Asker: 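I'd like to ask you about the structure that follows.
Treat the numbers as computed from the prediction; the structure is a model and nothing was measured. One is the number of the first residue; the rest follow in order along the sequence. Ligands are counted one by one from 1 in listed order, and the atoms in each one are counted from 1 as well.
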Amino acid sequence: MKASAIANANIALVKYWGKRDKELMLPQTGSISMTTEGLQAHTTVEFDSKYQDDILIVGGKEFKKGDEEYDDYVGQFLKVVREKFPDKVGDLKVKIVSNNNFPTAAGLASSAAGFAALAAAVNEALKLGLDDKELSMLARRGSGSATRSIHAGFVEWHRGEKEDGSDCYAEQLFPPEHWPELRMVVAVTSKKDKKIKSRAGMKQSVATSPYYKVWRDEVVPKHIEIIKKALAEKDFKVLGETAEANALMMHAVAIATTPPVIYWNAGTMDIIHAVMDWRDEGLECFFTIDGGPQVKVLCLEKDSDEIARRLREFENIEDVIITKPGSGVRITDEHLF
Ligand code: PMV
């Protein structure tokens, strides 16, 4: 009962920021993302009677019951798996080993890639027989954005209306081949773990940000329509302008939260200004930022090397990674233990 899976991170073009049900991980709004080739999580799970307790090792570090990272994330996810599939799991404990090829917990969607890989590996190891839609719903229970990393290319996560979450899942809008020239150049401005996890930040925003209602009822529904059309028509300018505006508005909501949720550092600000200047010079690029200080620069393949070169010149940038529309989750024979 051992299986391994690899999943890519995804970067939202229309962000998810806020839950309507914490237990079922149901979002306040829909969202749209691009699954990115190159930022990946590789996870192996083994359910076996030889384990006395669940074991979790991420990036070589062991987490146990009582650690916040374990209890609120993987521990919670395993509880869902055990409740939903008691006949398959029985009283078996599980060992989970997961590695990312990029910094964890620093606003690079590590939890999205990690939980998509974990859900797929669990599905395979326990022979649950879930299809991609059901898998996206299972991954959602680990981390909301993980629901989108199940699929390749351009993905929409449907908010759904039902209280039980049965219509809340992700679906592919277009495969990677639809727009293979699109690039996200990721500028890592800090590899440190972020101080405020997305989960805590968005909860506070829903509760206290005076801009939350306008974000939920006006901004996101409008941006979802515009981004879907821009993707269908491969209109880069509209896509970039809208994705950038959406990120800024999400951060405006977060910054106006009490206590404030501010993810940007000095490096983040430097790149924001640089991208705007480059655009004025005629270089077509736009930025997006998630729950961390990293900046992702949206551009086309023809400009991606030049943008990466310029980003590498910044003193306070630790790493630059070029990503393109990528594949969905997949099972692999390569086990990590
Ligand atoms: O799924 P979480 O809890 O990691 O939240 C993700 C939130 C953002 O990355 C900021 C936005 C998004 O849609 O990915």
Asker: Using a 4.0 Å cut-off to any heavy atom of Trp17, which atoms of ligand 1 qualify?
Answerer: 10 (C)
Asker: For the residue pair Lys133 and Tyr169, would you count it as a cation-pi contact if the rule is NZ or CZ under 6.0 angstrom from the ring centre and within 45 degrees of the ring axis?
Answerer: yes
Asker: Please confirm whether Ser143 comes within less than 3.5 Å of ligand 1 when only nitrogen or oxygen atoms on both sides are compared.
Answerer: yes
Asker: Can a donor-acceptor pair be found between the side chains of Thr36 and Asn8 at a distance below 3.5 Å?
Answerer: no
Asker: Under 4.0 Å from ligand 1, counting heavy atoms only, is it the side chain of Met25, its backbone, both or neither?
Answerer: neither
Asker: Linking Ile, Leu, Val, Met, Phe, Trp and Tyr by side-chain heavy atoms under 4.5 Å, what else ends up with Tyr51?
Answerer: Ile55, Ile57, Val97, Leu336, Phe337
Asker: Between Glu334 and His42, is a side-chain hydrogen bond (donor to acceptor under 3.5 Å, both in side chains) present by the stated rule, with each step listed?
Answerer: CA-CA 9 Å; Glu334 269 177 62; His42 181 174; 4.9 Å; no
Asker: Assess Ser31 for proximity to ligand 1: is some non-hydrogen atom of it under 4.0 Å away?
Answerer: no
Asker: Report the part of Ala12 in contact with ligand 1, treating N, CA, C, O as backbone and CB onward as side chain, heavy atoms under 4.0 Å; options are side chain, backbone, both, neither.
Answerer: side chain
Asker: For ligand 1, which atoms have a heavy atom of Lys15 less than 4.0 angstrom away?
Answerer: 13 (O)
Asker: With no hydrogens and no angle check, do the side chains of Thr242 and Lys222 hold a donor and an acceptor under 3.5 Å apart?
Answerer: no
Asker: Nearest heavy atom to atom 6 (C) of ligand 1: which of Ala9, Gly114, Ser145 does it belong to?
Answerer: Ser145
Asker: Would you check if there is a donor-acceptor pair between the side chains of His223 and Asn246 at a distance under 3.5 Å?
Answerer: yes
Asker: At less than 4.0 angstrom from any non-hydrogen atom of Ser198, what atoms of ligand 1 do you find?
Answerer: 3 (O), 4 (O), 5 (O)
Asker: Are Phe286 and Phe236, when compared by the centres of their aromatic rings, separated by less than 6.0 Å?
Answerer: yes
Asker: Is the OH atom of Tyr211 crowded by more than 12 outside heavy atoms at less than 6.0 Å?
Answerer: no
Asker: Can you find an N/O atom of Arg199 closer than 3.5 Å to an N/O atom of ligand 1?
Answerer: no
Asker: So, is Lys19 polar-close to ligand 1, with some N/O to N/O distance under 3.5 Å?
Answerer: no
Asker: Classify the side-chain pair Thr257/Ser205 by whether it contains a donor and acceptor separated by less than 3.5 Å.
Answerer: yes
Asker: Looking at ligand 1, does any of its N/O atoms fall within less than 3.5 Å of an N/O of Asn10?
Answerer: no
Asker: Find all atoms of ligand 1 within a distance of less than 4.0 Å from any non-hydrogen atom belonging to Gly144, and give their numbers and elements.
Answerer: 1 (O)
Asker: Just which atoms of ligand 1 are under 4.0 Å from any heavy atom in Ser111?
Answerer: 4 (O)
Asker: Report, in ascending order of atom number, the atoms of ligand 1 lying under 4.0 Å from any heavy atom of Gly291.
Answerer: 10 (C)
Asker: Using heavy atoms and a threshold below 4.0 Å, how should the contact between Lys197 and ligand 1 be classified: side chain, backbone, both, or neither?
Answerer: neither
Asker: Kindly state each residue pair satisfying salt bridge (Lys or Arg N to Asp or Glu O under 4.0 Å) with at least one member in residues 238-252, sequence neighbours excluded.
Answerer: Lys237-Glu241, Glu244-Arg279
